[in-house]
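Below: one structure, written as structure tokens.
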2 protein chains.
Amino acid sequence: MRMTEVSTKFEISQDTLRYYERIGLIPPVNRNKSGIRDYTEEDLRWVEFIKCMRNAGLPIEVLIEYVGLFQKGDETLEARKELLIEQRTQLLIRMEDMKKVFERLDYKIERYEQTIRKKEKSLTRSEN
Amino acid sequence: MRMTEVSTKFEISQDTLRYYERIGLIPPVNRNKSGIRDYTEEDLRWVEFIKCMRNAGLPIEVLIEYVGLFQKGDETLEARKELLIEQRTQLLIRMEDMKKVFERLDYKIERYEQTIRKKEKSLTRSEN
DNA sequence: ACTTGACTTGGAGTTAACTCCAAGTGCGAT
DNA sequence: ATCGCACTTGGAGTTAACTCCAAGTCAAGT
């Protein structure tokens with residue numbers, strides 16, 4: 001599969017795809033005889049995985065490390081697992097923070113609604 | 001309250017506090033006769049609010065708008081409410097994305113554990 | 001009176017993560 | 001064969017959000 005197609009499929013710009021590959025965020029992609037990228041099924045899985053993880057806010061640096069470990073083979077299984085556990089923990093912490101903020105926003109919105117209702121009522125009265 | 005104290009209290013660098021004020025992310029802070037910032041209780045509430053919202057990933061741009069609306073007074077109550085509702089929605093979307101990624105990480109970690117256990121077993125066998 | 005240190009300002013520098021650009025190559029269609 | 005287009009590379013530019021710096025001010029302590 002060519003860049004254009006991959007780019008549309010995952011909604012990642014071609015520049016970003018090349019950038020990701022350049023910095024090692026996805027493993028080197030296969031090329032045809034004239035040097036043009038031809039994404040295999042596995043390449044696509046990497047792209048999808050990286051997109052998904054980035055979307056959840058995992059730092060590029062960490063993902064580069066993961067890809068690097070992966071390419072070193074089976075000796076790094078344990079290290080990769082530990083890396084993922086750490087990221088899962090971080091993610092959970094962020095989700096908990098966000099939940100608190102969500103509730104706070106909820107409360108603030110509620111209070112705005114009350115205030116606005118009161119304002120409206122007092123306006124109506126003054127019109128009479 | 002002085003910068004140093006505010007900075008330690010909220011774990012925000014003095015530079016960042018000044019930066020936030022400069023770009024309008026917190027309303028202008030009171031000064032004493034020699035121009036030094038003296039944070040009132042209300043200033044502190046703003047700092048805390050902004051820290052909390054930034055921590056959950058609300059963009060600075062949006063928060064600047066909120067602060068701006070706030071300073072315009074009661075005519076902007078509705079606009080402020082709408083702004084908060086929009087941010088709450090965005091936050092919810094991000095939380096849902098993160099939850100999916102969390103589950104995916106969980107699954108991957110599980111599979112790593114299985115793989116590692118198998119590896120260990122086959123190693124033990126080959127030692128016999 | 002002088003030093004110290006916490007503050008002030010405007011502006012430059014940094015980092016992460018893209019995003020854009022210029023110059024070049026190769027392949028398929030007219 | 002030559003046009004157009006999708007691709008290539010190396011490197012520069014951009015944006016958000018800080019972070020740092022230099023030069024200056026002011027109040028308090030010795």
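No experiment lies behind these values; they were computed from the predicted model shown. The sequence lines fix the lettering, A, B, ..., with proteins before strands; numbering per chain opens at 1.
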I need the [atom1]-[atom2] distance between [X] and [N], as an integer number of Å.
X	N	atom1	atom2	answer
B:Gln14	C:dT8	CD	C1'	11 Å
B:Asn55	D:dA17	CG	C1'	14 Å
A:Glu21	C:dA17	CD	P	18 Å
B:Leu25	D:dA17	CG	P	9 Å
B:Asp38	D:dC26	CG	P	17 Å
A:Glu61	C:dC18	CD	P	14 Å
B:Glu5	C:dA6	CD	P	13 Å
B:Leu17	D:dA17	CG	C1'	14 Å

Exercise. With respect to the phosphate group of D:dT25, does any side-chain polar atom (N or O) of B:Ser34 fall under 4.0 Å of OP1 or OP2?
Worked result: no
Exercise. Quick check, are the ring centers of A:Tyr66 and A:Phe49 under 6.0 angstrom apart?
Worked result: yes
Write out a two-atom table: protein N or O, nucleotide N or O from nucleotides 19-21 of chain C, distance below 3.5 Å.
| from | atom 1 | to | atom 2 | distance (Å) |
| --- | --- | --- | --- | --- |
| C:dC20 | N4 | A:Asp15 | OD1 | 3.1 |

Exercise. Does one hydrophobic cluster hold both B:Met3 and B:Met1, with members joined at side-chain heavy-atom distances below 4.5 Å?
Worked result: yes
Seminar exercise, completed: Comparing A:Gly35 with B:Lys33, nearest DNA chain D nucleotide closer to 5' gives the residue A:Gly35
Exercise. Taking it one step at a time, do B:Glu103 and B:Lys99 satisfy salt bridge (Lys or Arg N to Asp or Glu O under 4.0 Å)?
Worked result: CA-CA 6 Å; B:Glu103 279 155 14; B:Lys99 182 140 184 286; 3.3 Å; yes
Closest to the [X] side chain: [options]?
X	options	result
B:Arg54	C:dA17, D:dA17, C:dT9	D:dA17
A:Ile36	C:dC18, D:dT8, C:dG26	D:dT8
B:Tyr20	D:dA27, C:dC27, D:dC18	D:dC18
B:Arg37	D:dC26, C:dA6, C:dT9	C:dT9
B:Arg2	C:dA6, C:dT8, C:dC27	C:dA6

Exercise. CE/A:Met98 to CG/A:Leu91 distance, rounded to the nearest 0.5 angstrom?
Worked result: 9.0 Å
Exercise. For residues 22-33 of chain A, which residue pairs qualify under side-chain hydrogen bond (donor to acceptor under 3.5 Å, both in side chains), counting only residues two or more places apart or in two chains?
Worked result: A:Asn32-A:Ser34
Exercise. Is a side-chain donor or acceptor of A:Thr76 paired with a backbone partner of A:Ala79 at a separation under 3.5 angstrom?
Worked result: no
For this session: Before accepting this row, confirm whether a basic side-chain N of the pair B:Lys81/B:Glu78 lies closer than 4.0 Å to the acidic partner's carboxylate O.
Result: yes
